Amino acid sequence: MIDSAGLDCQCRDRLDDALARFAKLEHRRVQREHLARARQDRERIAAILTFLQDIDELAANESDPSVYMELALLFDEVIATADDGARSLRQLATLPQQR
């Protein structure tokens, strides 16, 4: 559509430069977003690990078996969150490098 607009050379060059700057800014935004997500996932895992410390106070003959299920769910959450963090970092790694 822009190609068919019949812009003069100077206007076309300015538009190309503006579009290139925008693309570069958008690329950086996406990079920062992936890294921020991975950091959030790390923080979430750290918080979950705090709750998992309760496992040190459990006995093998705990009278309430639901305690084991709750802790198992925390381990499941660590797995899911770690998977999300890894996905964000892989996506960041596959983005083309720009300066």
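Only a predicted model underlies this, so the values are computations on that prediction, with no experimental measurement involved.
Phe75 CZ: 12 or fewer foreign heavy atoms inside a 6.0 Å radius.
For the pair Leu89/His34, no side-chain contact is recorded, criterion being any heavy-atom separation below 4.5 Å from C-beta on. Residues Leu71 and Phe51 form no side-chain contact, since every pair of their non-hydrogen atoms from C-beta on lies 4.5 Å or further apart. Taking the side chain as every heavy atom from C-beta outward, Gln40 and Ser88 never approach each other to under 4.5 Å.
Among Leu35, Leu95, Leu92, Leu25, the single residue meeting the side chain to side chain contact (heavy atoms under 4.5 Å, CB included) criterion with Val30 is Leu95.
Between the side chain of Thr94 and the main chain of Gln91, a donor-acceptor pair closer than 3.5 Å is present.
Listed here is the closest heavy atom pair of Leu58 and Glu62: CD2-OE1, 3.5 Å. Contact between Ala38 and Gly85 at its shortest, heavy atoms only, is CB-O, 4.1 Å. Ser63 and Pro65 make their closest contact through O-CD, 3.3 Å (heavy atoms, listed as atom of the first residue, atom of the second, distance).
Atom CD1 of Ile55 and atom CG of Leu49 lie 11.5 Å apart (nearest 0.5 Å). In this structure, CG on Leu52 lies 11.0 Å from CD1 on Ile45, to the nearest 0.5 angstrom. Distance check, rounded to the nearest 0.5 Å: CD1 of Ile79 to CD1 of Ile48 gives 10.5 Å.
Classification of Asp84 and Arg87 as a salt-bridged pair holds, one side-chain N sitting under 4.0 Å from a carboxylate O.
Partners of Arg29 according to the side chain to side chain donor-acceptor pair (under 3.5 Å) rule, which considers only residues two or more places apart in sequence or in another chain, are Glu26, Glu33.
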